[in-house]
Visitor: 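The structure under discussion is supplied below as structure tokens; questions concerning it will follow.
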Amino acid sequence: LELVGEPERVFAAYDKVVAMEGQEEIRRDSDKRFVLWIHNAPPPLSLIQGCAQRGLLLKAGQEQDDGSWKGGIATILGAPFSANKDDIEEWVSSQVLKHVEFFDAISHEAMPTQVGLTLLRNGGVPRMNYLTRTLTPNSLQKGAAEFDELILRTLERTLKLEYKRKEDGAVDINDPVIRALQRPVRLAGMGIRSIEFISPIAFFSANVQALPHTAPFLRVRNASQQDW
């Protein structure tokens with residue numbers, strides 16, 4: 001359950017939920033409750049006190065060296081929430097690093113080439129699909145490029161290829177070999193699509209699919225903003 005809004009209203013709704021849990025004798029096996037303050041300003045005292053009274057963890061960020069305040073970040077339903085792009089980029093990069101062991105394993109010299117390619121296509125490339133649909137392309141771009149680089153290096157080892165590279169050692173995505181690898185199968189390619197390339201398409205498609213569910217809330221929000 002996610003509650004979003006002004007602290008007073010959110011706490012009021014939360015208290016009702018807790019009261020209903022007691023009435024229905026609902027027991028939590030684990031406590032994952034927390035409050036996220038994403039604003040780049042110190043959290044109000046009422047929010048701090050409200051969390052303390054209810055035993056809720058407050059993720060409010062921290063004061064920076066220059067005296068400014070940087071809001072918090074949290075993972076909700078598998079995606080990061082933050083008002084700061086650099087925090088989201090750092091989070092995505094950390095997720096990419098978690099996949100390195102898998103890609104190293106499927107490109108190991110002891111792994112049969114056909115098996116490695118099947119695992120890459122069906123179990124490797126799709127690993128970022130969820131984030132392409134839940135994060136804005138701007139926030140995902142850096143991590144998507146890192147993931148694409150990881151996939152291409154895996155293909156290079158598996159297929160014994162040799163890409164063109166830039167002066168800094170990064171793969172040159174304009175290499176005709178890479179173009180062929182990333183081209184759709186129906187266009188005589190390998191079908192190993194670039195996450196950075198498909199990210200805007202996936203994000204737009206996900207928003208369109210979700211519109212029947214989000215439109216009523218958007219109308220309420222817009223109406224309340226006009227009244228305000």
Side-chain angles (χ1 to χ4, degrees), residues 30 32 73-82 84-210 213:
S30 62
K32 300 180 180 179
I73 179 173
T75 304
I76 301 175
L77 298 177
F81 275 71
S82 173
N84 301 291
K85 179 186 174 185
D86 58 332
D87 282 345
I88 295 178
E89 289 180 336
E90 183 179 345
W91 184 94
V92 175
S93 293
S94 70
Q95 299 305 302
V96 172
L97 287 175
K98 292 180 180 180
H99 301 307
V100 171
E101 186 175 359
F102 170 81
F103 287 110
D104 284 346
I106 64 175
S107 60
H108 190 274
E109 59 182 13
M111 176 71 69
T113 300
Q114 191 61 43
V115 175
L117 288 176
T118 301
L119 289 171
L120 175 65
R121 186 189 304 276
N122 298 326
V125 177
R127 291 185 172 216
M128 292 286 281
N129 284 0
Y130 178 73
L131 293 181
T132 65
R133 298 172 66 83
T134 53
L135 291 180
T136 63
N138 187 41
S139 298
L140 186 62
Q141 184 177 17
K142 179 176 178 289
E146 293 171 351
F147 190 76
D148 284 346
E149 177 95 5
L150 188 57
I151 290 176
L152 290 173
R153 289 180 183 274
T154 301
L155 282 167
E156 189 175 34
R157 291 193 298 268
T158 301
L159 298 176
K160 307 296 190 295
L161 301 174
E162 188 173 344
Y163 302 137
K164 292 181 180 178
R165 281 184 159 71
K166 301 177 182 179
E167 293 182 357
D168 61 358
V171 173
D172 184 355
I173 61 174
N174 294 314
D175 184 343
V177 174
I178 293 177
R179 292 294 190 186
L181 292 172
Q182 296 181 337
R183 201 159 48 234
V185 174
R186 61 185 173 82
L187 297 178
M190 284 282 292
I192 308 296
R193 305 311 304 274
S194 162
I195 297 299
E196 185 178 7
F197 176 79
I198 68 170
S199 171
I201 304 169
F203 185 73
F204 177 78
S205 300
N207 275 269
V208 171
Q209 287 184 319
H213 305 287

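Predicted model, so just to flag it, every value in this text is computed and none were measured.
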Visitor: Work out which heavy atom in Asp175 is nearest to a heavy atom in Tyr163; give both atom names and the distance.
Guide: OD2-CA, 3.4 Å
Visitor: Is it true that atom CZ of Phe197 has more than 12 heavy atoms of other residues, nucleotides or ligands lying nearer than 6.0 Å?
Guide: no
Visitor: Hey, is the main chain of Asn129 close enough, under 3.5 Å, to the side chain of Thr132 for a donor-acceptor pair?
Guide: yes
Visitor: Between Arg193 and Val125, what is the shortest heavy-atom contact and its length?
Guide: O-CG1, 4.2 Å
Visitor: With rounding to the nearest 0.5 Å, note down the distance linking CG in Leu120 to CD1 in Ile192.
Guide: 5.0 Å
Visitor: Identify the two heavy atoms, one from Ser194 and one from Gln182, that lie closest to each other, and give their separation to 0.1 Å.
Guide: CB-NE2, 3.7 Å
Visitor: Run the side chain to side chain contact (heavy atoms under 4.5 Å, CB included) check on Phe103 and Arg153 step by step: do they pass?
Guide: CA-CA 9 Å; Phe103 287 110; Arg153 289 180 183 274; over 6 Å; no
Visitor: What distance separates Leu161 CG from Ile178 CD1, expressed to the nearest 0.5 Å?
Guide: 9.5 Å
Visitor: Which heavy atom of Met111 sits nearest to which heavy atom of Ile106, and what is that distance?
Guide: CG-O, 3.3 Å
Visitor: When rounded to the nearest 0.5 angstrom, what distance separates CG in Asn207 from OG1 in Thr136?
Guide: 10.0 Å
Visitor: Any donor-acceptor pair under 3.5 Å linking the side-chain atoms of Ser93 with those of Glu146?
Guide: yes
Visitor: I'd like to know if the side chain of Asn84 and the backbone of Asp86 have a donor-acceptor N/O pair within less than 3.5 Å.
Guide: no
Visitor: Could you report the tightest heavy-atom contact between Thr134 and Ala79, atom names first, then the distance?
Guide: OG1-CB, 3.8 Å
Visitor: Which pair of non-hydrogen atoms, one from Glu89 and one from Ser139, has the smallest distance, and what is that distance?
Guide: CG-O, 3.6 Å
